[in-house]
Number of protein chains: 4
Amino acid sequence: MAPLNDEQLHQIRDERKEQIMKAALNVFARRGIIGTKMNMIAAEAGISHGLLYHYFKSKDELFITLVEGAMIEADDEMKKANLMPGTPIERIRKLTEIILDEEGAPFFMLIHQARTADGVPDKAKALVQQYSMKSFVERLLPLFLEAQDKGEIVSGDPAMLISSYLSVLSGLMVLNVQDDEGFQIPEAEFLLRMLTGR
Amino acid sequence: MAPLNDEQLHQIRDERKEQIMKAALNVFARRGIIGTKMNMIAAEAGISHGLLYHYFKSKDELFITLVEGAMIEADDEMKKANLMPGTPIERIRKLTEIILDEEGAPFFMLIHQARTADGVPDKAKALVQQYSMKSFVERLLPLFLEAQDKGEIVSGDPAMLISSYLSVLSGLMVLNVQDDEGFQIPEAEFLLRMLTGR
Amino acid sequence: MAPLNDEQLHQIRDERKEQIMKAALNVFARRGIIGTKMNMIAAEAGISHGLLYHYFKSKDELFITLVEGAMIEADDEMKKANLMPGTPIERIRKLTEIILDEEGAPFFMLIHQARTADGVPDKAKALVQQYSMKSFVERLLPLFLEAQDKGEIVSGDPAMLISSYLSVLSGLMVLNVQDDEGFQIPEAEFLLRMLTGR
Amino acid sequence: MAPLNDEQLHQIRDERKEQIMKAALNVFARRGIIGTKMNMIAAEAGISHGLLYHYFKSKDELFITLVEGAMIEADDEMKKANLMPGTPIERIRKLTEIILDEEGAPFFMLIHQARTADGVPDKAKALVQQYSMKSFVERLLPLFLEAQDKGEIVSGDPAMLISSYLSVLSGLMVLNVQDDEGFQIPEAEFLLRMLTGR
DNA sequence: AATGAATGAGTGTTCATTCAT
DNA sequence: AATGAATGAACACTCATTCAT
């Protein structure tokens, strides 16, 4: 059998990396950077812990890579909100549902870890600062302005509205609600009243 | 010279315990139980790590003691909401402000740690279960029923309303918003719209 | 390069375990479970202390494993005494010599530690109880009865004879006599007189 | 009330010292020097651990003092054996009984600890060497020679006989036999057969 | 003389990371 | 590429000893 060519090797490498990152995201989100042991990631990914170090130089690097990817994805989601069909309020509702529904919780947890937890590498801290709220507000500003224009949502400083609203959504995601605990992720309708006032 | 008398010793003990618990609450809230090193607590309290163990048998015991105290305090706050003067909605606004304003963030974060983090002692887990959402809902039920009665808040299952609302508040506190980060703890007025619809 | 195959790994593991247990036996016997520091065992075995924990979950587990092995070996030795050739008294002499001669001192001291010292894990205590004197007496009973039958040893309760005799032997081994100290491990002949009366 | 005079103070001091030493002997004998915590001694003596340090500079000093006293007492006992009434073998039997019967076990255990355990101060080691077997042999030599002379005990190197016999006794004491364990401290008669051969 | 609060060196154990195979 | 043996820094906790009162 001929040895695999460069491209194939590269592809295998990328798949492995993807596999590891997926495993790591889950574990980091649930247990935080300190609570996550390299062994757990290896186990979740179904490989030996030694092999992790062929793909990522260190736990920190792995964490940073994840944060980086997460921030970019979040940014994408916000951009898409502007391009969706429907009235502004319908699009805001859709965005709300995407954030709440989606398998996005691990992602929010990860960002939260990066923002607040201890032992987070400086570079990860820098990343969440760089991409953070301010840029999300910018992305959503046209949408919210249009909504105010049409009287669909309350008046007032739109930047403040957006960051307040996103903060509420973030907070809910970060709660990491489990089924039997009494905490309640509200319906989009309930949350939208903060904006619509009706 | 005679040794210190009982009263003096008792006072020293109480002061020290208070001092340690205050330090520990801050550190646990920020860094979680695993991320918190006994040395950090000792440093924050300005004593040697050895002395911690004169007052608390272990890190776990210290953590449990804090959770216990926090849960009781939270319960008290909910009880008080029923006894405050004013219309129901005014009282709900007041409760909201107390939760958001107060130096309560470390406390909420502690509970959050106890609920979700790794390495939490079983007893602490049991405590948050025991005192959890369900009991808070019970405490607030009369207040919310009265508010619905007077048409001050929207209709619908009041237990659901309460747990949704408290979840939002919890989420916000857990975010542990720092000044320069763009996250925004909203005004009470903003949040109350979820309930009032106006 | 391929990783080591299963057989090679297994062999390394077994060798290492043996090496650690041998080192640990020496140190535990001499210094007791509390006096033995994991570092000492690691040093005696020529490995890092971290590696100990790849092979044994804890100091307690290591100690228990040793006690278990020792008890089984002792039991085996007693069983063999019945199967040896020669007259009963010759076999008792042989057993005596084996106990006194052999590199068995560390083993006796280990059992002694498990019986009497502080900080011994419950399971180790249970093991020495389970395998203790009573079972040794049972093993040796046929041999001593036969010896009494033939008039080779004194009459009287044979169980008592056996436990008295084994107690004397145990005591001597536990003394852990070093060369220059004046203590004297007697010849078998000297000790046998307790039984033979001549 | 007039303050106590010097003599009275001295006497109180001596009584306290005695009380501490008695407590310490028990604990050291049972748990060894490492297993014995200053707190345990203080508790056994019914005083605070702080007070121990008014009477003994350190744990080591306390241990050394005990060993010193024990060695002297042992020496006394041997001397007395020569002065007792009766035939030589009767006196040897009496000595055997004293050693086995007496509350002497803690004392033997202490010496054993000093000889073999770890963490024993050098001075204590020196003491047991100095007073050890050799001097006991000297003390008992006249008695054993007389016994051989009268044909009451077997012939052979009397020094060897003595040290063998004392070793057996020491070993038995060191076993620290508890009631339910199956070990058996033999009757003097049983042990004497090693010497008498009948 | 007497107490117990306070300190800090030392030990068991965990885990990120390296490396021989 | 892949494994798991091996290392050592870091942390929870204990305990001899000191010291203010």
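Naming convention: chains lettered A, B, ... in sequence-line order (proteins, then strands); numbering from 1 in each chain. Bear in mind that the values here come from a model prediction, so they are computed numbers and not experimental data.
Remark: P of F/dC15 and NE2 of B/H49 are 13 Å apart, rounded to the nearest angstrom. Atoms CD (B/E61) and P (F/dT14) sit 11 Å apart, rounded to a whole Å. A straight line from CE of A/M38 to P of F/dG8 spans 20 Å, rounded to a whole angstrom. We find that CG of C/D118 is positioned 14 Å from C1' of F/dT14, with the value rounded to whole Å. Summarising the geometry, the separation between OH on D/Y53 and P on E/dT7 is reported as 17 Å, rounded to the nearest angstrom. Here the P atom of nucleotide F/dA6 and the CG atom of C/L9 are 10 Å apart, to the nearest Å. Going from atom CZ of D/F56 over to atom P of F/dA16 covers 16 Å, rounded to whole Å. One interatomic measurement links the two molecules: NE2 of C/H54 to C1' of E/dC15, which rounds to 9 Å at whole-angstrom precision.
Note on D/Y55: only backbone sugar-phosphate atoms sit closer than 4.0 angstrom, heavy atoms only; bases stay farther off.
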message = Before you tell me yes or no, could you show the steps for A/L110 and A/F63 under side chain to side chain contact (heavy atoms under 4.5 Å, CB included), namely the whole-Å CA-CA distance, both residues' side-chain angles and the distance that decides it to 0.1 Å?
response = CA-CA 9 Å; A/L110 186 75; A/F63 187 80; 3.7 Å; yes
ask   = Stepwise, does the side-chain hydrogen bond (donor to acceptor under 3.5 Å, both in side chains) test hold for C/E7 with C/Q11?
value = CA-CA 6 Å; C/E7 199 181 335; C/Q11 196 190 332; over 6 Å; no
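Here F/dA2 is the nucleotide among F/dA2, F/dC13, F/dA16 with the atom lying nearest to any side-chain atom of A/L51.
Across all strands shown, the partner of F/dG8 is E/dC15, judged by Watson-Crick or G-U wobble contacts whose two distances both fall under 3.5 Å. Under the Watson-Crick or G-U wobble criterion, with both distances below 3.5 Å, E/dA20 is paired with F/dT3.
Sequence order on DNA chain F of the closest nucleotides to D/K37 and C/G50 puts C/G50 first from the 5' end. Nucleotides of DNA chain E nearest to A/K57 and D/R16 differ in position, and the one nearer the 5' end is that of D/R16. Comparing B/S48 and A/T36, the nucleotide of DNA chain E nearest to each residue sits closer to the 5' end for B/S48.
B/F107 places none of its side-chain heavy atoms less than 4.5 Å from the side chain of B/L66.
In this structure, CE in C/M40 is found 8.5 Å from CZ in C/R30, a value given to the nearest 0.5 Å. Here CD1 of C/I64 is found 11.5 Å from CZ of C/F56. Values are rounded to the nearest 0.5 Å.
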